[in-house]
Structure formats: C-alpha cells, structure tokens
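The structure under discussion appears below in the form of structure tokens.
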Amino acid sequence: MRQATAALLAASALIAAAAIVRPAAAQDVPAATDEAAPPSPPPAAETLSAPPAPTAPPSLPEKLGQVPGTWDLSRDGTNRRCVMTLVLDSGEAGQRLRFPAGCRRALPVLNSVAGWLFVDGAVRLVDRNVRPVLDFAKRPDQRSLVAQAEGGERYSLVPLDIVAMRPADAAAAPETAPTDPASPAPSPLQTAAPVAAEPQPPATASAATASAGPAPGLYALDRFQQRDTCRINLDGVGGGVHIVPGCHDSGLEVFDPVRWRYAKGRMTLTAKRGHSIDLVPSGDGRWRRDPEVGTTFVLRRVD
C-alpha cells in the first residue's frame with residue numbers, strides 16, 4: 001500500500017513539473033500574428049550607367065603630324081591678332097610658318113620668330129637660333145594654348161583648321177604650300193562638299209522666348225574694340241549658317257561655319273570640316289565664345 005502511494009505521489013510531481021516547464025519554453029518561441037510579415041524587397045536591379053555625354057571633336061594636336069594648318073595667335077586683353085599657317089617643311093629653325101606681313105606690326109613678338117617646334121605636346125615658336133620666343137602649354141580646357149613672353153605679356157594660340165581637327169581621310173591629304181610666303185596657305189578642305197545642315201523644327205517667337213535661345217537672323221561679329229568685322233546669317237529652319245559677303249575677319253572665314261544649334265544654354269557653331277566652337281549668352285542678344293581665349297569673340301544680333 002505504501003509503495004502504491006509513493007508511486008502515485010511521484011507521478012503527480014512529474015505532471016506538475018511538466019506543466020511548469022511548457023509555458024516557460026513557449027515564451028522562447030515568437031508568437032504568431034494574424035498580420036503576415038511584409039515580403040523582403042527583391043534585390044535591386046543592376047543600374048545601367050548613363051551613356052557618356054558626347055565630347056567635342058579633338059582640337060589640339062597630340063603629335064607633330066597633327067599640327068600643320070591654320071592657327072589664330074593673339075595677345076590676351078587686346079585686339080592684336082594674327083592668322084598664321086604652320087607647315088611641316090623644315091626650315092632654318094625647326095618647321096616653317098607663314099603669316100601676312102601686317103602680323104609683325106600687330107604682334108611685334110613675331111619679328112624674332114623664325115620657325116616652330118612641337119615639344120611636350122605643345123607648339124613652341126623659336127628664333128633663328130632655335131631659342132624659345134613663345135613656349136606654349138595646353139590650357140585646362142584642352143581647346144587652346146597659352147604662353148607668356150619675357151615681358152610678361154600672355155599670348156593665346158587657337159587652332160582654326162589643323163590636321164588634328166580633320167576627318168581621318170582628309171587628314172591624310174598632303175599640305176599644299178602657298179606660293180606667296182606672306183599669305184596663309186589655303187586649306188585643301190575649303191573646297192570640300194558642305195556639311196548637311198541638321199534638320200530643326202521651325203523656330204517660333206514663343207519657343208525662342210521659352211528656351212532663351214538665339215533668334216535666327218543677322219549677327220555681327222565683334223572682336224575686342226573692332227566692331228562689325230563680319231556678319232553671318234543664322235537660318236531658322238535647318239540651322240544653316242551663311243557668311244555675308246564683305247567679311248573682314250580672316251579667322252571666321254577660315255573657320256567657315258555652316259551649321260548652328262542651341263542646347264542646354266549654349267549655341268554651337270560647326271565648321272564645314274566638323275570642328276566647332278561654343279558660345280554662351282552675355283545679354284542684349286549677344287553671345288560670347290566659351291571658354292574665352294585670345295581676342296574677344298562676340299556675336300551681336302543686328303536688328
């Protein structure tokens with residue numbers, strides 16, 4: 001009898017212990033809720049990088065063979081400038097260069113220049129003893145060269161029509177030496193077929209006002225204190241550019257713009273050979289070259 005009672009008491013103790021342990025163990029398990037947990041977000045799709053913005057055509061030479069052509073030399077902060085031609089022909093001091101006789105009066109520094117070299121990726125104008133007269137270096141914008149003379153004056157050398165700017169097939173064409181050493185060599189590409197104008201929608205007054213873009217019409221070119229040196233017409237349909245006869249700016253004539261367009265606050269003039277220059281508004285219907293290098297270049301709307 002005593003053994004049965006002891007067994008009964010042991011069984012009761014085991015049942016009570018089990019009842020106490022179960023709730024405690026249940027507390028370790030998160031309680032289920034009626035609201036389903038939000039699904040984990042799917043892995044982010046791989047973001048495709050935006051295509052790089054189109055870069056401007058190369059305008060500065062990277063090697064000697066890309067230098068020949070027409071350059072604009074000017075003294076910064078003045079209207080003194082000269083359009084010169086650099087050729088590959090060897091002379092008494094490096095390679096030969098040619099420019100009009102009036103350049104020596106406009107830029108007296110040229111009186112001691114006898115040739116040019118291509119050193120460290122830039123042009124160097126040298127005297128008869130091959131000593132540097134103007135040792136140019138690339139500007140940060142990679143669109144022009146700058147040099148400082150012994151007297152402290154700064155000069156800019158801007159490419160107008162050089163081999164580095166031309167298409168590969170045209171760049172292979174040999175340079176034609178001019179018969180008159182006092183005149184710049186004519187570009188062999190000046191007789192090339194004109195570049196087709198980009199089709200553009202007809203410009204309206206409201207559209208021009210909303211975009212603050214240039215209005216088609218007649219524009220005069222001013223350089224520093226020289227006003228109305230040349231005039232060009234900007235077409236409204238097709239974006240064509242036409243130089244008005246009687247132009248007195250040799251730099252613009254050599255550049256020979258044939259097309260214009262406006263985008264993102266900038267007007268771009270594109271030459272027949274494909275290179276271009278950018279202009280930004282400066283108020284009162286005026287557009288200045290950007291970046292500003294060398295002699296001031298401003299297009300002014302003519303009413």
Side-chain angles (χ1 to χ4, degrees), residues 59 69-85 98-103 105-107 143-144 155-162 165 178 180 182-187 189-192 194-195 197 213-236 238-262 266-303:
S59 57
T70 311
W71 295 75
D72 184 278
L73 175 67
S74 61
R75 179 176 169 181
D76 290 3
T78 72
N79 64 343
R80 297 177 175 273
R81 56 190 292 264
C82 171
V83 176
M84 60 171 54
T85 301
R98 298 179 174 87
F99 48 81
C103 286
R105 295 190 299 271
L107 299 173
R143 304 292 292 274
S144 62
Y155 292 85
S156 292
L157 191 62
V158 182
L160 295 175
D161 175 23
I162 64 174
M165 292 177 169
D180 184 2
S183 302
S187 168
L189 295 178
Q190 288 180 347
T191 57
V195 177
L218 183 64
Y219 285 76
L221 172 65
D222 297 336
R223 284 192 182 269
F224 197 64
Q225 296 176 346
Q226 296 179 337
R227 293 175 59 84
D228 215 349
T229 61
C230 194
R231 293 193 173 195
I232 63 174
N233 264 313
L234 303 184
D235 292 344
V241 178
H242 309 280
I243 299 179
V244 177
C247 177
H248 301 293
D249 191 284
S250 56
L252 187 67
E253 286 187 313
V254 172
F255 179 72
D256 196 12
V258 295
R259 187 172 66 233
W260 73 276
R261 64 184 178 88
Y262 173 77
R266 306 174 76 85
M267 175 166 60
T268 301
L269 293 179
T270 303
K272 180 186 295 183
R273 289 159 294 278
H275 49 289
S276 61
I277 58 173
D278 292 330
L279 299 98
V280 294
S282 57
D284 299 330
R286 299 171 185 265
W287 295 77
R288 62 172 177 81
R289 182 170 57 186
D290 183 64
E292 288 189 282
V293 293
T295 308
T296 303
F297 182 120
V298 175
L299 278 183
R300 171 173 48 86
R301 177 70 190 274
V302 178
D303 296 329

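Residue numbers count from 1 along this sequence.
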Practice task
Could you tell me which non-hydrogen atom of Cys82 sits nearest to which non-hydrogen atom of Pro100, and how far apart they are?
Solution key: SG-CD, 4.4 Å
Exercise for the section: Check whether any side-chain heavy atom of Tyr262 sits under 4.5 Å from a side-chain heavy atom of Trp287, and report yes or no. Expected result: yes
Exercise for the section: State, yes or no, whether a side-chain contact exists between Leu234 and Met267 at a heavy-atom distance under 4.5 Å. Expected result: yes
Handout entry: Results of side-chain hydrogen bond (donor to acceptor under 3.5 Å, both in side chains) for Arg266 - residues two or more places apart only
Key = Asp290
Exercise for the section: Mind running side chain to side chain donor-acceptor pair (under 3.5 Å) on Thr268 and Asp278 for me, showing each step along the way? Expected result: CA-CA 5 Å; Thr268 301; Asp278 292 330; 2.8 Å; yes
Exercise for the section: Would you please name every residue forming a ring-ring contact (aromatic ring centres under 6.0 Å, His included) with Phe255, sequence neighbours left out? Expected result: His275
Exercise for the section: Output, in order, the C-alpha distance, side-chain angles, deciding distance and verdict of side-chain contact (heavy atoms from CB on, under 4.5 Å) for Val244 and Asn233. Expected result: CA-CA 7 Å; Val244 177; Asn233 264 313; 4.0 Å; yes
Practice task
Would you check, one step at a time, whether the test side-chain contact (heavy atoms from CB on, under 4.5 Å) holds for Thr270 with Val258?
Solution key: CA-CA 6 Å; Thr270 303; Val258 295; 5.6 Å; no
Problem - With Ser282 via side-chain contact (heavy atoms from CB on, under 4.5 Å) - residues at least two apart - result: Arg286, Arg288
Exercise for the section: Report yes if some heavy atom in the side chain of Leu157 is under 4.5 Å from a heavy atom in the side chain of Asp72; otherwise report no. Expected result: no
Exercise for the section: Mind checking side-chain contact (heavy atoms from CB on, under 4.5 Å) for Arg301 and listing every partner two or more places apart, or none if nothing turns up? Expected result: Ala215, Tyr219, Asp303
Problem - Validation row: Ile162, Trp71 side chains within 4.5 angstrom (heavy atoms) - result: yes
Exercise for the section: Step through the shown structure and confirm whether more than 12 heavy atoms of other residues, nucleotides or ligands are within 6.0 Å of NE2 on His242. Expected result: yes
Problem - Verdict with supporting geometry, Leu73 and Val83, side-chain contact (heavy atoms from CB on, under 4.5 Å) - result: CA-CA 6 Å; Leu73 175 67; Val83 176; over 6 Å; no
Problem - Atom of Arg259, atom of Val241 and distance for their closest heavy-atom approach - result: C-CG2, 3.5 Å
Practice task
Supply the atom-to-atom distance Ser74 OG to Leu107 CG, rounded to the nearest 0.5 angstrom.
Solution key: 8.0 Å
Practice task
Quick one: do Arg231 and Ile243 satisfy side-chain contact (heavy atoms from CB on, under 4.5 Å)? Show the steps, please.
Solution key: CA-CA 6 Å; Arg231 293 193 173 195; Ile243 299 179; over 6 Å; no
Problem - Side-chain H-bond candidate by donor/acceptor type, Asp161 with Thr70, under 3.5 Å - result: no
Handout entry: Partner residues of Arg300 under the salt bridge (charged side-chain N to carboxylate O under 4.0 Å, His left out) criterion, sequence neighbours left out
Key = Asp222
Practice task
List in chain and number order the residues that pass side-chain contact (heavy atoms from CB on, under 4.5 Å) with Asp249, two or more places apart in sequence or in another chain; answer none if no residue qualifies.
Solution key: Arg81, Leu221, Arg223, Thr229, Cys230, Cys247, Leu252
Exercise for the section: Determine whether Pro159 and Met165 make a side-chain contact, defined as any pair of heavy atoms from C-beta on separated by less than 4.5 Å. Expected result: yes
